[in-house]
**Student:** 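This structure is in structure tokens; I'll ask about it shortly.
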Amino acid sequence: MYRESQTVLFDEQCIKACVHDLGNKITEDYAGKTPVMITILKGGFVFFADLIRAIKIPVKIDFIRAKSYLVGTESSGDVTLTDDLSIGVENQHVIIVEDIIDTGRTLLKLKNYLLGKGAASVKIIAMLDKPARRVLPIDSDYTGFTIEDKFVVGYGLDCDEEYRNLPYITTLEEIDEQVERSEN
Ligand code: IMP
Ligand code: MG
């Protein structure tokens with residue numbers, strides 16, 4: 001059983017400033033183009049919604065679904081992509097918007113998939129990066145925050161589907177159920 005730790009890792013203001021900076025970089029780097037921005041559901045949706053509004057050039061948006069987690073905080077190691085794309089990516093400049101890069105399995109699979117569909121370029125924006133956990137050689141082109149090897153929730157990120165609606169990012173701590181029961 002888990003509960004939110006007392007200290008917030010990144011608060012709303014800090015996230016807002018970071019998203020604003022990332023939006024400016026995309027606006028600059030993709031000037032004159034209309035990139036196709038794709039987020040990976042469900043985790044990326046909050047970051048995606050804020051980021052696209054911080055970008056001042058035209059963009060197209062689409063969604064893809066990836067599943068790599070079983071329950072709790074441990075990965076199944078196997079990534080399944082569900083292609084829900086309604087925009088053709090052939091010859092398009094694609095930007096993948098991801099909540100967090102952990103092992104790198106999801107992003108490597110999706111990047112190769114999009115290149116295989118003929119995308120002109122595929123870049124990655126990750127709100128969070130946990131480099132210590134990487135098992136495959138992939139990095140983001142734009143990164144919000146680099147963090148230690150800790151399981152985090154909030155701002156779209158979940159633990160067993162909870163916590164996605166927190167406006168900040170925080171870590172979870174494991175609690176002893178016996179202790180928790182006596183506290184309540
Ligand atoms: P991957 O291991 O890089 O393929 O990460 C896949 C997905 O695992 C991420 O997109 C997240 O949805 C999820 N994930 C990885 N680390 C965390 C975390 O600390 N909190 C919540 N979800 C995570
Ligand atoms: Mg995700």
Side-chain angles (χ1 to χ4, degrees), residues 1-12 14-15 18-19 22 26 36-52 61-85 89 94-117 119 122-175:
M1 208 175 171
Y2 299 91
R3 74 172 163 211
E4 277 184 56
S5 57
Q6 297 303 306
T7 40
V8 167
L9 204 54
F10 303 107
D11 65 17
E12 273 186 86
C14 175
I15 293 173
C18 173
V19 171
L22 289 171
I26 299 300
V36 176
M37 304 194 59
I38 298 174
T39 198
I40 305 172
L41 295 171
K42 303 174 193 170
F45 85 106
V46 178
F47 174 43
F48 192 61
D50 285 343
L51 182 66
I52 57 169
I61 66 157
D62 216 336
F63 302 93
I64 202 155
R65 206 170 258 275
K67 194 120 195 87
S68 62
Y69 268 66
L70 288 178
V71 282
T73 62
E74 275 314 303
S75 167
S76 63
D78 197 25
V79 180
T80 322
L81 291 181
T82 312
D83 184 353
D84 292 328
L85 295 177
V89 295
V94 177
I95 305 174
I96 303 172
V97 180
E98 175 64 311
D99 49 8
I100 187 165
I101 316 184
D102 189 34
T103 63
R105 289 189 181 105
T106 309
L107 281 175
L108 195 64
K109 184 149 185 174
L110 180 56
K111 185 171 182 177
N112 288 336
Y113 178 74
L114 294 167
L115 287 170
K117 283 192 150 217
V122 179
K123 293 221 170 168
I124 295 166
I125 304 187
M127 180 72 204
L128 298 168
D129 185 10
K130 275 200 272 194
R133 294 262 308 165
R134 202 77 89 254
V135 298
L136 294 177
I138 187 146
D139 281 311
S140 46
D141 301 281
Y142 305 87
T143 310
F145 305 107
T146 301
I147 60 167
E148 291 172 38
D149 180 8
K150 285 194 175 145
F151 197 81
V152 292
V153 293
Y155 200 62
L157 288 156
D158 75 308
C159 179
D160 285 349
E161 297 300 332
E162 283 184 48
Y163 307 103
R164 293 193 196 277
N165 59 320
L166 298 179
Y168 49 83
I169 296 169
T170 187
T171 51
L172 286 186
E173 55 192 24
E174 210 155 350
I175 48 166

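Both ligands and their constituent atoms are indexed starting at 1 by order of listing. All values derive from a computational prediction rather than experimental measurement.
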**Student:** Is Val152 near ligand 1, meaning one of its heavy atoms is under 4.0 Å from it?
**Tutor:** yes

**Student:** Quick one: pull up CD1 in Ile125 and NZ in Lys123 and give me the separation to the nearest 0.5 Å.
**Tutor:** 10.5 Å

**Student:** Taking only heavy atoms of Arg105 into account, list the atoms of ligand 1 that are under 4.0 Å away from them.
**Tutor:** 3 (O), 4 (O)

**Student:** Can you find an N/O atom of Gly104 closer than 3.5 Å to an N/O atom of ligand 1?
**Tutor:** yes

**Student:** Could you tell me which atoms of ligand 1, counted from 1 in the order shown, lie closer than 4.0 angstrom to a heavy atom of Lys150?
**Tutor:** 19 (O)

**Student:** With heavy-atom distances below 4.0 Å as the criterion, list the atoms of ligand 1 near Glu98.
**Tutor:** 9 (C), 10 (O)

**Student:** So, Arg134 side chain and Asp102 main chain: donor-acceptor pair closer than 3.5 Å or not?
**Tutor:** yes

**Student:** Hey, is Arg3 close enough to Glu173 for a salt bridge, meaning N to O under 4.0 Å?
**Tutor:** yes

**Student:** What do you reckon, does Leu128 put a non-hydrogen atom under 4.0 Å from ligand 1?
**Tutor:** no

**Student:** Suppose I only count heavy atoms of Thr103 and a 4.0 Å limit; which atoms of ligand 1 are within that range?
**Tutor:** 1 (P), 2 (O), 3 (O), 4 (O)

**Student:** Val36 versus Ile95: any side-chain heavy-atom pair under 4.5 Å?
**Tutor:** no

**Student:** Donor-acceptor pair, Thr143 side chain versus Phe145 backbone, under 3.5 Å?
**Tutor:** no

**Student:** Is there a heavy atom of Ile100 sitting under 4.0 angstrom from any atom of ligand 1?
**Tutor:** yes

**Student:** Backbone or side chain, does any N or O of Val79 fall under 3.5 Å from an N or O of ligand 1?
**Tutor:** no

**Student:** Report yes or no: does Lys130 contribute a side-chain atom to a donor-acceptor pair with the main-chain N or O of Lys150 at less than 3.5 Å?
**Tutor:** yes

**Student:** Tell me, please: is Lys130 in heavy-atom contact with ligand 1, that is, under 4.0 Å?
**Tutor:** yes

**Student:** Could you check if a side-chain atom of Leu51 sits within less than 4.5 angstrom of a side-chain atom of Leu22, using non-hydrogen atoms only?
**Tutor:** yes

**Student:** May I ask you to list the atoms of ligand 1 that are less than 4.0 angstrom from any heavy atom of Thr106?
**Tutor:** 1 (P), 4 (O), 5 (O), 6 (C)

**Student:** Is ligand 1 under 4.0 Å from a heavy atom in the side chain of Leu157, in the backbone, in both, or in neither?
**Tutor:** side chain

**Student:** Would Phe48 and Phe63 satisfy ring pair (Phe, Tyr, Trp, His ring centres under 6.0 Å), going step by step from the backbone distance to the final call?
**Tutor:** CA-CA 10 Å; Phe48 192 61; Phe63 302 93; 5.6 Å; yes

**Student:** Decide if the gap between the ring center of Tyr168 and the ring center of Tyr155 is smaller than 6.0 angstrom.
**Tutor:** no

**Student:** Under 3.5 Å, side chain of Ser5 to main-chain N/O of Leu172, donor-acceptor pair present?
**Tutor:** no

**Student:** Give a yes/no verdict on whether any heavy atom in Arg133 is under 4.0 Å from an atom of ligand 1.
**Tutor:** no

**Student:** Please state which part of Leu107 comes within less than 4.0 Å of ligand 1, counting heavy atoms only: side chain, backbone, both or neither.
**Tutor:** neither

**Student:** Run the numbers for me: atoms of ligand 1, each under 4.0 Å from some heavy atom of Asp158, listed by number.
**Tutor:** 21 (C)

